[in-house]
Structures are given as structure tokens and as C-alpha cells.
Enquirer: 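One structure is given below, represented as C-alpha cells, and several questions about it will come after.
If you read the sequence from its start, that first residue is 1, and numbering goes on from there. Scope of the values below: all heavy atoms of this structure, side chains included, with no hydrogens, waters or symmetry mates.
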Amino acid sequence: MTYRWLEHTSEMELSLSGESAEAVFDEATVALGELLAEGPGEPVERELRVSAQDLPSLLAEWLGELIYLAETDAFIPERVLRVELSEH
């Protein structure tokens with residue numbers, strides 16, 4: 001599992017690879033958390049549920065939800081405890 005941030009015009013692009021779809025979601029979460037982290041905070045667990053028509057869209061929804069929580073609740077993700085993907 002690896003990730004790296006790439007400069008892309010006026011945006012940042014995240015390149016991900018992993019052994020499974022679940023591993024990619026975990027890596028994306030860790031990458032976002034490292035990008036947003038300003039220092040150690042209080043540990044908090046959150047359960048997230050997102051849906052989309054395909055895996056790329058699901059990953060975008062997942063990251064969008066994490067960004068929303070960072071902006072509204074100052075929630076900074078560090079890792080994923082469990083990812084469950086289903087067709088529903």
C-alpha cells in the first residue's frame with residue numbers, strides 16, 4: 001500500500017495503490033489525515049456510511065465525507081479500523 005501527493009495545476013492529486021479496495025480506502029484516509037494534521041488531538045471514533053454507483057465514486061464520497069467532518073467538527077482521520085464494501 002502506498003500513496004503520494006502530486007502537484008496538479010492549482011490542485012493536489014492523490015495517487016493510491018493497494019492490495020485490495022479496502023486497503024486503498026485505508027491509505028486514502030491516512031493520506032488525508034496527514035495532509036490535514038496540525039498536531040495530536042483527542043482520539044475519537046466515527047462510523048461513516050457512504051454510497052455510490054462504483055468504487056471510484058465511492059472513494060470520492062468517502063473522502064468528501066472526511067473533508068466535511070474536518071471542516072465542521074475539526075475531525076482529522078488517522079486510520080481506518082474496518083472497511084466493509086458491498087454492492088448495496
Side-chain angles (χ1 to χ4, degrees):
M1 295 183 290
T2 59
Y3 71 87
R4 63 188 172 122
W5 290 102
L6 306 168
E7 295 294 327
H8 186 267
T9 317
S10 62
E11 302 174 349
M12 294 187 72
E13 181 178 315
L14 178 58
S15 173
L16 297 159
S17 66
E19 298 173 3
S20 66
E22 292 85 357
V24 170
F25 276 73
D26 184 39
E27 282 297 302
T29 303
V30 170
L32 181 63
E34 289 181 4
L35 178 69
L36 298 174
E38 295 178 5
E42 287 293 317
V44 176
E45 284 188 25
R46 292 284 179 109
E47 182 175 323
L48 302 180
R49 292 177 186 254
V50 296
S51 61
Q53 292 182 342
D54 55 33
L55 278 175
S57 299
L58 187 63
L59 181 59
E61 290 294 323
W62 175 261
L63 290 172
E65 184 67 18
L66 290 173
I67 291 167
Y68 172 79
L69 290 171
E71 291 175 348
T72 60
D73 295 344
F75 177 76
I76 306 299
E78 291 181 357
R79 66 180 182 273
V80 175
L81 298 178
R82 185 179 73 210
V83 174
E84 292 180 20
L85 301 174
S86 71
E87 292 184 28
H88 308 291

Enquirer: Identify, with sequence neighbours excluded, every residue that meets side chain to side chain contact (heavy atoms under 4.5 Å, CB included) alongside Ala60.
Expert: none
Enquirer: With sequence neighbours excluded, tell me which residues meet side chain to side chain contact (heavy atoms under 4.5 Å, CB included) with Ser15.
Expert: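 If we apply the side chain to side chain contact (heavy atoms under 4.5 Å, CB included) test to Ser15, skipping adjacent residues, the hits are Arg4, Leu6.
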Enquirer: Taking the side chain as C-beta and beyond, is there a heavy-atom pair between Glu78 and Ile76 under 4.5 Å?
Expert: no
Enquirer: Identify the heavy atoms of Leu59 and Ala28 that sit nearest to each other, and give their distance.
Expert: CD1-CB, 3.8 Å
Enquirer: Do Trp62 and Leu66 come close enough that some side-chain heavy atom pair is under 4.5 Å?
Expert: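 Touching, per the 4.5 Å side-chain cut-off.
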Enquirer: About how many Å separate CG of Leu58 and CG of Leu63, when rounded to the nearest 0.5 Å?
Expert: 10.0 Å
Enquirer: Could you tell me which residues satisfy salt bridge (Lys or Arg N to Asp or Glu O under 4.0 Å) with Arg82, sequence neighbours excluded, listed by chain and number?
Expert: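 Arg82: salt bridge (Lys or Arg N to Asp or Glu O under 4.0 Å) contacts with Glu84.
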Enquirer: Of all residues at least two apart in sequence or in a different chain, which pass the side chain to side chain contact (heavy atoms under 4.5 Å, CB included) check with Val83?
Expert: Glu22, Phe25, Val80, Leu85
Enquirer: Just jot down the side chain to side chain donor-acceptor pair (under 3.5 Å) partners of Glu65, sequence neighbours excluded, or say none.
Expert: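 With sequence neighbours excluded, Glu65 shows a side chain to side chain donor-acceptor pair (under 3.5 Å) to no residue whatsoever.
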Enquirer: I need the minimum non-hydrogen distance between Ala31 and Leu14, along with the two atoms involved.
Expert: CB-CD1, 3.8 Å
Enquirer: Can you see which heavy atom on Ala52 is nearest to which on Glu61, and at what distance?
Expert: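 Shortest heavy-atom separation between Ala52 and Glu61 comes out as CB-CG, 4.2 Å.
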Enquirer: Provide the full list of salt bridge (charged side-chain N to carboxylate O under 4.0 Å, His left out) pairs with a residue in residues 45-56, sequence neighbours left out, each pair given once.
Expert: Arg46-Asp73, Glu47-Arg49
Enquirer: Rounded to the nearest 0.5 Å, how far apart are CZ of Arg79 and OG1 of Thr29?
Expert: 11.5 Å
Enquirer: Which heavy atom of Ala70 sits nearest to which heavy atom of Leu36, and what is that distance?
Expert: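 What the structure gives for the nearest pair is CB-CD1, 3.7 Å.
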